[in-house]
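On a predicted model such as this, the values are computed, not experimentally measured, just so you know. Each chain gets a letter, A, B and so on, in the order the sequences are listed, and its residues count up from 1. Below, each value reflects all heavy atoms present in this structure, side chains not excepted, and no hydrogens, waters or symmetry copies.
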Amino acid sequence: MTARIATEGLDKSFATPVLKQVALQISPGSIHGLVGENGAGKSTLVNIISGLLPPDSGSIALDGRSYSPASRKAALVAGIALASQELSLIDTLSVAENILLASFPQKALGINRHAVRQRARALMDLVGLEHLSPQTPLAQLSLAEKQLVELAKALSMPEETTRLLILDEPTSALTSPQANLLHQIIKQRSAAGLSVIYVSHRLDDVLSVCDTVSVLRDGVIQLTAACTSLTSNDLIRAMSREELLRHSDDKPRAFGEVRLTVEQLSSTDFPEPISLHCHRGEILGIAGLSGAGRSELLHAIYGLSAERQGRVVLHAAGPDTVIDSASTAANNGIALIAEDRKSQGIFSGKSVSLNTTIAGLGKLGGALSTILPKREQRVSEELIAQLRVKCEGPLQTIDELSGGNQQKLLVARWLQAKSDVWLLDEPTRGVDVGSKLAIHNQLRQLRDQGATILIASSELEELTALCDRILVLSNKKAVATYDRGQWSKEMLLEAAFSNYQGPRAAAG
Amino acid sequence: MLRKLNLVFEELFIFIALLLLVMFFGVMAENFFTAGTLTAILTQLPALTVVTIGMTLVLISGGIDLSVGSVVALSAGVIGIAFTVFELPLIIAAALGIVAGGCAGLVNGVLGSYFRLPVFIVTLGMLEAGRGLAYMVTDSQTVYIGASIQSLSLPISGIGLSPSFLVSLGLVVLAQYALTRTVFGRYLIAIGTNEQAAKISGIRTEPYLTWVLVISGLLAGLGGLMNAAYLGASDPNAALGLELSAIAAAVIGGTSLMGGRGSIVGAFIGVLIISVLQNGLAQLGVSEPVKRVITGLVIILAVLLDRWRSR
């Protein structure tokens with residue numbers, strides 16, 4: 001039998017190879033699970049098949065015919081439906097308009113509104129949105145409801161022309177009954193001949209709904225097998241790579257006193273309170289799958305979240321400081337280097353020197369304090385030299401620097417502000433290998449000088465190489481903490497997946 | 001070294017444009033290089049200059065202040081009534097006018113930063129309300145103040161420049177210093193460039209965004225005093241559309257409407273360009289409608305040049 005979709009030798013690189021010689025075959029009517037840890041290449045593979053990215057090399061065949069979509073639109077025409085994890089919905093349109101955006105029923109002049117409502121109604125009833133009116137503005141919906149709308153949108157293509165349905169984390173916001181309904185729908189559709197690619201962190205779901213599963217690790221398919229023969233532990237084992245985990249310095253090191261205490265901290269992003277502490281001279285890692293709440297936790301510690309509850313306390317020789325806002329955090333020695341450098345880090349279009357000194361200006365003593373240009377430039381020249389930032393000098397515009405060098409300047413910014421508690425969110429994402437090692441060494445040096453460091457990273461190798469302890473978040477909840485030398489990648493991954501299994505919250 | 005030149009270059013560029021404009025009118029209009037022209041320009045200039053300083057600071061912080069024209073009229077009205085009806089000393093009346101401007105700015109600032117309303121809308125509301133208040137204060141009548149206030153806009157003998165002009169010039173220097181050499185100015189630039197990054201860098205954005213609108217209000221209040229001095233009266237219809245001239249001057253001077261970039265000296269040269277243009281065209285006998293078309297084109301041209309320059 002000809003495969004519905006067959007990829008052959010797919011390669012894709014961004015800065016580094018993301019997919020290597022991927023060969024995947026999916027039969028007509030098959031529900032094919034795709035699992036792997038963060039950065040394994042799942043999204044890239046799905047994006048290539050759905051026409052959002054071109055492969056560097058390799059080929060795809062759809063029902064035996066060569067298929068190389070030039071755009072998402074071309075893939076749609078070929079019969080590839082996609083329900084994306086990053087919902088592709090528009091807040092200002094109604095539910096009905098969102099569902100049928102790609103395929104509005106036309107009449108002689110413009111859109112047939114009656115048909116839009118009718119078809120949207122049918123699809124909404126199918127996915128369990130009977131209680132909503134098709135005219136409801138999307139913005140009024142909960143995240144779970146939006147996810148169902150995304151699904152209805154993917155199902156809006158005519159059944160006879162849809163050949164492959166791709167679901168990327170379709171149940172991440174759904175309750176148990178909602179997810180069950182979704183699984184029922186795709187089982188029915190697949191019985192009628194539709195092929196499905198099902199990407200999910202919820203391994204139990206994958207094993208129960210799919211007939212076949214493939215495990216991706218570092219862009220390579222490690223395993224493709226029938227689900228009946230597998231357990232979730234088999235999948236986790238296939239995803240992890242044990243041999244790289246042992247390090248020469250696996251002995252626990254001695255720390256100073258506790259510098260940072262987080263007590264029962266919660267926010268709208270993670271309703272279950274999280275407590276942690278970190279010593280002077282310690283690096284605490286925060287691990288978790290994407291969407292597990294790593295960034296949200298760091299932002300809440302720093303005082304940035306909405307409806308933040310609980311306490312964050314900095315201990316020093318003098319009286320303790322309670323952190324209640326970003327400015328208290330910054331002015332009492334906490335540094336936050338956010339994940340999105342462009343929108344939350346650098347001042348674009350401004351000089352290296354402005355970018356380096358901005359956080360330390362608060363220490364000058366008041367808004368009317370004078371900035372001496374000569375001194376400012378000298379300060380940033382010293383930091384440029386210390387961190388080996390490749391740039392023409394303090395007056396160069398920061399945008400002209402590479403990502404790695406911009407990242408070094410953010411470290412410089414907080415060094416200049418004399419920070420000794422560092423909250424780092426994906427500190428080496430998108431930087432070249434050389435800068436990555438330089439940043440790691442800088443962090444080790446800071447640690448040895450007594451700094452307290454929290455690193456959130458999606459790369460387990462980065463955390464296991466740097467950290468003294470690793471806190472694992474799973475589905476917005478702190479599930480485990482491991483000390484150096486006591487972890488294995490398998491344990492960390494198992495913990496990261498743990499809160500996606502088990503019973504889900506009741507319908508709500 | 002090149003980069004340093006580039007920094008000087010920013011203002012040099014429009015200064016050359018100003019010189020070319022002056023030379024153009026010097027050649028074209030017979031009477032351009034006369035004391036009369038200079039006096040005309042110098043007397044009208046101070047009010048627009050001080051208002052433009054405030055506007056430029058607000059634009060750099062990423063906001064906008066549409067209320068300045070109305071606040072000028074409100075302040076002038078307060079001064080006129082305090083002086084003539086309540087018979088307060090001129091200095092007290094002037095202070096009251098400036099404080100009234102500051103209050104309007106404070107309302108703008110608090111609503112904009114602590115209540116998180118869009119500044120565009122808040123100051124648009126103040127544009128309307130401020131004008132209404134100016135009518136209420138003056139009972140919709142022009143209030144004659146007389147010679148005592150006019151001395152502010154008359155040249156001091158020996159110097160040839162009016163107190164108003166000297167004050168506005170002093171404020172240009174002070175504001176340019178504050179923008180480029182103080183933490184306050186640096187924070188305004190940072191907030192206007194990337195508010196989220198500014199917050200993460202430990203800057204409490206709310207007080208700064210409030211203060212910059214208070215400063216703009218105070219300067220508009222001062223503009224009201226200068227306007228009353230120039231007219232010798234408080235006119236509730238004064239300074240209609242002044243906010244647009246101030247925005248135009250700031251933009252001609254290289255200030256970005258997106259926030260984060262601008263110069264007070266540049267904006268002042270922008271004010272000069274607008275004044276020279278208006279007076280020069282008037283001397284050439286260009287009609288009012290054509291004058292406005294040309295002024296509009298110059299503003300658009302300035303932004304085009306700026307775009308081209310920053311590439």
If you count heavy atoms of other groups shown closer than 6.0 angstrom to CZ of Phe120(B), is the number above 12? no

With a sphere of 6.0 Å drawn around NZ of Lys363(A), does it hold more than 12 non-hydrogen atoms of other residues, nucleotides or ligands? yes

Heavy-atom distance under 4.5 Å to chain B: side chain of Ser325(A), backbone, both or neither? neither

Is Leu304(A) in contact with chain B via its backbone, its side chain, both, or neither, using a 4.5 Å heavy-atom distance? side chain

Approximate separation, where rounding is to 0.5 Å, of Glu195(B) CD and Ser343(A) OG: 12.5 Å

Distance check, rounded to the nearest 0.5 Å: Ile200(B) atom CD1 versus His299(A) atom NE2? 5.5 Å

Under 4.5 Å heavy-atom distance to chain B, tell me which part of Tyr302(A) shows up: side chain, backbone, both or neither. side chain

For atom CD of Gln449(A), decide whether the heavy atoms of other residues, nucleotides or ligands shown that lie under 6.0 angstrom number more than 12. yes

From CZ (Arg261(B)) to NZ (Lys350(A)), nearest 0.5 Å: 7.0 Å

Applying a strict 4.5 Å limit to non-hydrogen atoms, the region of Leu364(A) in contact with chain B is side chain

Can you tell me how far the OG1 atom of Thr180(B) sits from the CD1 atom of Ile371(A), to the nearest 0.5 Å? 8.5 Å

When you measure from the side chain of Asn194(B) to the backbone of Ser348(A), do you find a donor-acceptor pair of N or O atoms at a distance under 3.5 Å? no

Counting only non-hydrogen atoms closer than 4.5 Å, does Ala178(B) touch chain A with its backbone (N, CA, C, O), its side chain (CB onward), both, or neither? neither

Less than 4.5 Å apart, side chain to side chain, heavy atoms only: is that true for Arg181(B) and Pro373(A)? yes

Top contributor to chain B interface from Ala330(A), Ser327(A), Gly366(A) [non-hydrogen pairs under 4.5 Å]: Ser327(A)

Would you mind checking which part of Leu372(A) comes under 4.5 Å of any heavy atom in chain B, side chain (CB onward), backbone (N, CA, C, O), both or neither? neither

Is it the case that atom CZ in Arg280(A) sees more than 12 heavy atoms from other parts of the structure closer than 6.0 Å? yes

Atom pair CD1/OH of Ile358(A) and Tyr187(B) - distance to nearest 0.5 Å: 6.0 Å

Does CD belonging to Gln309(A) count more than 12 external heavy atoms closer than 6.0 Å? no

Of all of Ala198(B), Pro207(B), Ala190(B), which one pairs up most often with chain A through heavy atoms under 4.5 Å apart? Ala190(B)

Separation of Leu361(A) CG from Ile203(B) CD1 (nearest 0.5 Å): 7.5 Å

At a heavy-atom separation under 4.5 Å, does Ala338(A) approach chain B through its side chain, its backbone, both, or neither? side chain

Quick check on Leu19(B): does its CG atom have over 12 non-hydrogen neighbours (other residues, nucleotides or ligands) under 6.0 Å away? yes

What verdict does the salt bridge (charged side-chain N to carboxylate O under 4.0 Å, His left out) test give for Arg186(B) and Glu376(A), after you've listed the backbone C-alpha separation in whole Å, the side-chain angles of each residue and the deciding distance to 0.1 Å? CA-CA 12 Å; Arg186(B) 181 60 60 82; Glu376(A) 184 182 22; 2.5 Å; yes

Please lay out, stage by stage, how Phe184(B) and Ser369(A) fare under the test side chain to side chain contact (heavy atoms under 4.5 Å, CB included). CA-CA 8 Å; Phe184(B) 176 75; Ser369(A) 319; over 6 Å; no

